[in-house]
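Working notes for the structure below.
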Amino acid sequence: YLAHQFGDPPSPPPSPPPPNWRSPPAPCTSSGASVLMLGARARQFSSFMLLLGRMGPAGTFELKHALILQNKDAVDIPLMLEALPSATEFRDAISSLSPEQQRFAKAYRAMQLEGSVFGILVIQLKPQLEALLKLPHDALTKEIALTQQLLDLFIQYQIPSDLLTYAGPAAASPEEKLEAVRGHVAAIYKMVEAAKEGELHAARQQAMMEQPFHEYAESFGDTSAGCFLSGEARFAAMSADSDETPLRRNARSLQRRCSASAGLLSACSAPPPRHSAVQMPVAACAAGPPSEPAPVAQLAGARGFKLNLAAPPGCGPPPPPGASFPAPTAKATPAPIAGPAEAKANDDDFDTADDVASELDYTKIPSTLDAKLLTAEGGAAIRPTTIKVGETWTKRSQKALLGKPKEEALHTEEQQREKQAAFDLLDALSCSGALPIACCSLHVVVAATHAFDQSLLDTVIQQNVNPIEKLERSSLLVATTIHDAPAGRLLRDEVRERVARFAAPELLGGDAAAAGEGAVADLP
């Protein structure tokens with residue numbers, strides 16, 4: 001990527017700073033405010049993983065940011081471009097330093113250039129799921145619901161992939177393999193639902209123990225619990241003909257709590273008989289009285305009362321300690337252990353040290369370009385540029401198919417949460433690194449900035465310079481370095497003559513000589 005930036009309108013020039021490689025001249029520092037916007041969007045019923053980082057040595061990718069996009073998710077990520085001093089400016093700035101300081105400055109600049117190679121990695125999830133579950137190619141293409149369930153189990157519940165992988169004979173038909181995986185998914189979902197029901201039941205039992213009144217039912221939206229206050233308790237709570245005692249305070253507190261919970265206790269003009277057997281229900285059971293007598297807690301005193309805590313009908317006792325939930329009925333057959341020949345065949349899928357060494361080292365491209373710009377004509381205006389990811393992202397998502405799109409800002413905490421979810425899914429899809437990621441695409445970005453000292457009008461009018469031709473020459477210099485090819489092979493036939501004549505005659509000297517002097521009048 002080659003960016004360009006023009007200088008600000010002329011103003012009273014400040015005093016020039018002393019030469020210093022850590023404080024470059026003003027034209028270089030003013031070109032570090034460029035911002036690019038990286039956009040990514042997933043279609044409905046499709047998903048992929050977006051990973052951002054930088055290229056490391058020996059063909060490695062150093063991951064820094066990760067995000068899962070699916071079902072119309074879209075994200076806008078700002079990329080900050082920071083220009084470094086050009087090769088000519090750097091050489092002039094360190095010329096007055098000692099040899100030791102120059103070596104340190106060159107080593108530091110080399111690290112800066114190596115770290116300026118930006119990488120964008122896109123991993124397609126559906127093909128990787130097929131490879132993980134040992135399914136044929138394109139087996140999940142039309143299985144939209146099954147694909148969504150698999151991603152939900154991996155992302156939300158972090159189910160191990162061994163519980164879902166097909167483990168039957170390899171000669172089975174694609175339909176049989178797909179049906180086996182579908183059975184594994186159904187069994188896992190059944191186990192998850194059973195675990196949820198068990199947790200809800202345990203929470204209800206805990207709430208009943210902590211709040212033995214109607215409030216515990218309101219917290220769960222359940223009014224099936226029974227709470228009965230006897231007439232003696234009402235009489236003790238409403239009686240005020242004697243001195244107040246702790247027993248009466250407790251009885252009056254119980255009467256107020258039950259009355260506020262159900263709203264069924266009304267004010268009475270006269271107290272009921274002392275030995276009345278009438279009971280005031282706070283929340284009646286849906287199916288009549290329980291078949292077994294409810295446990296009774298008696299409080300002794302001068303005016304005793306009974307508080308009945310009736311369990312809802314049909315609810316059995318809580319599960320005993322150590323009880324386990326039913327496991328899925330489907331049992332996966334363990335996969336056969338690969339023999340030496342098969343293991344050797346699998347090892348051939350990975351790159352060896354010789355293969356990695358023969359590949360292009362992307363981290364060396366900025367240093368090669370920097371050395372080439374140092375000797376090229378017009379190379380002083382091109383500055384290597386680093387790319388950094390912005391702090392705040394913008395994500396648009398649609399939770400439901402007919403729901404409204406929602407836009408949110410992803411800050412550092414949200415980005416870390418998205419990265420952790422992507423890492424968990426990547427760990428499952430790769431079997432903790434044992435399975436290679438085959439269906440992915442890597443985009444390597446090397447950025448450079450062509451900075452003009454003056455504004456566009458001053459460049460064209462005062463300096464009498466065509467900025468388009470300068471940018472064409474800079475683009476050719478960068479392209480010849482990245483592609484390792486001569487400039488003549490990178491140009492179209494209809495523009496080769498014009499570029500050779502005006503923009504980059506030093507790069508296309510042979511073509512310019514062959515064109516002849518009389519060809520200038522025929523140029524567009």
Side-chain angles (χ1 to χ4, degrees), residues 40 47-70 114-115 117-137 139-140 147 149-168 170 177 181 184-185 188 332-363 389 415-444:
S47 58
F48 64 90
M49 187 184 301
L50 180 65
L51 302 98
L52 306 177
R54 69 183 188 93
M55 301 303 298
T60 58
F61 178 74
E62 300 178 358
L63 179 62
K64 294 185 178 181
H65 303 275
L67 184 69
I68 301 174
L69 297 176
Q70 57 178 338
E114 290 181 359
V117 183
F118 191 73
I120 303 174
L121 182 61
V122 180
I123 299 178
Q124 301 295 333
L125 300 183
K126 188 177 297 184
Q128 189 64 26
L129 280 175
E130 295 171 350
L132 174 67
L133 302 178
K134 299 181 181 180
L135 295 176
H137 181 62
L140 296 176
T147 304
Q149 292 175 352
L150 287 170
L151 292 177
D152 184 63
L153 291 177
F154 284 134
I155 297 175
Q156 183 176 356
Y157 299 104
Q158 299 182 6
I159 300 298
S161 59
D162 296 341
L163 301 179
L164 303 172
T165 304
Y166 172 75
K177 296 181 179 180
V181 172
H184 297 336
V185 172
I188 294 297
T333 305
I337 302 175
E342 185 178 353
K344 186 178 185 303
N346 296 333
D347 293 340
D348 295 340
D349 297 337
F350 298 91
D351 295 334
T352 61
D354 298 336
D355 298 334
V356 174
S358 62
E359 295 179 356
L360 176 63
D361 191 355
Y362 297 102
T363 60
V389 179
Q415 295 175 17
Q416 185 65 28
R417 185 168 59 249
E418 295 285 348
K419 178 181 177 181
Q420 188 61 43
F423 274 21
D424 294 339
L425 180 58
L426 186 61
D427 182 75
L429 294 179
S430 63
C431 290
S432 301
L435 184 66
I437 305 295
C439 192
C440 60
S441 58
L442 176 63
H443 306 268
V444 181

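Predicted, not measured: the structure shown is a model, and the values here were computed from it.
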Partners of His137 by ring pair (Phe, Tyr, Trp, His ring centres under 6.0 Å), sequence neighbours excluded? none

Rounded to the nearest 0.5 Å, what's the gap from CG on Leu163 to CD1 on Ile188? Could you check? 4.5 Å

To the nearest 0.5 Å, how far apart are CZ in Arg54 and CZ in Phe61? 10.5 Å

Provide the closest heavy-atom pair for His184 versus Leu164 in the form atom of the first, atom of the second, distance. CD2-O, 3.7 Å

Which heavy-atom pair separates Leu52 from Leu63 by the least distance, and what is that distance? O-CD1, 3.4 Å

Working note: Lys64 + Val389, criterion side-chain contact (heavy atoms from CB on, under 4.5 Å); need CA distance, chi angles, decisive distance, verdict. CA-CA 9 Å; Lys64 294 185 178 181; Val389 179; over 6 Å; no

Could you pull out the closest heavy-atom pair between Ala422 and Ile68, with the gap in Å? CA-CD1, 3.7 Å

Gly56 and Asp361: which non-hydrogen atoms are nearest, and at how many Å? O-OD1, 4.2 Å

Pair up each side-chain donor or acceptor in residues 429-437 with any protein partner under 3.5 Å, not counting sequence neighbours, and list the distances.
from: Ser430; atom 1: OG; to: Leu426; atom 2: O; distance (Å): 2.7
from: Ser430; atom 1: OG; to: Gly433; atom 2: N; distance (Å): 3.3
from: Ser432; atom 1: OG; to: Asp427; atom 2: OD1; distance (Å): 3.2
from: Ser432; atom 1: OG; to: Asp427; atom 2: OD2; distance (Å): 3.4

A side-chain contact here means heavy atoms from C-beta on lying under 4.5 Å apart; do His65 and Gln415 qualify? yes

Evaluate Phe154 against Leu132 for side-chain contact (heavy atoms from CB on, under 4.5 Å), listing each step before the verdict. CA-CA 12 Å; Phe154 284 134; Leu132 174 67; 3.9 Å; yes

Rounded to the nearest 0.5 Å, the OG1 atom of Thr60 sits from the OH atom of Tyr362 at a distance of 12.0 Å

Gap separating the CD1 atom of Ile120 from the OG atom of Ser441, nearest 0.5 angstrom: 9.5 Å

Separation between OG1 (Thr147) and CG (Asp152), nearest 0.5 Å, reads 12.5 Å

Candidates Leu150, Asp424, Leu425 - the one meeting side chain to side chain contact (heavy atoms under 4.5 Å, CB included) with Ile155: Leu425

pair Leu69-Phe48: side-chain heavy atoms closer than 4.5 Å: yes

CE of Met49 to CD of Glu418, rounded to nearest 0.5 Å, is 11.0 Å

Under the side chain to side chain donor-acceptor pair (under 3.5 Å) definition, can you give me all pairs with a residue in residues 118-130, not counting sequence neighbours? none

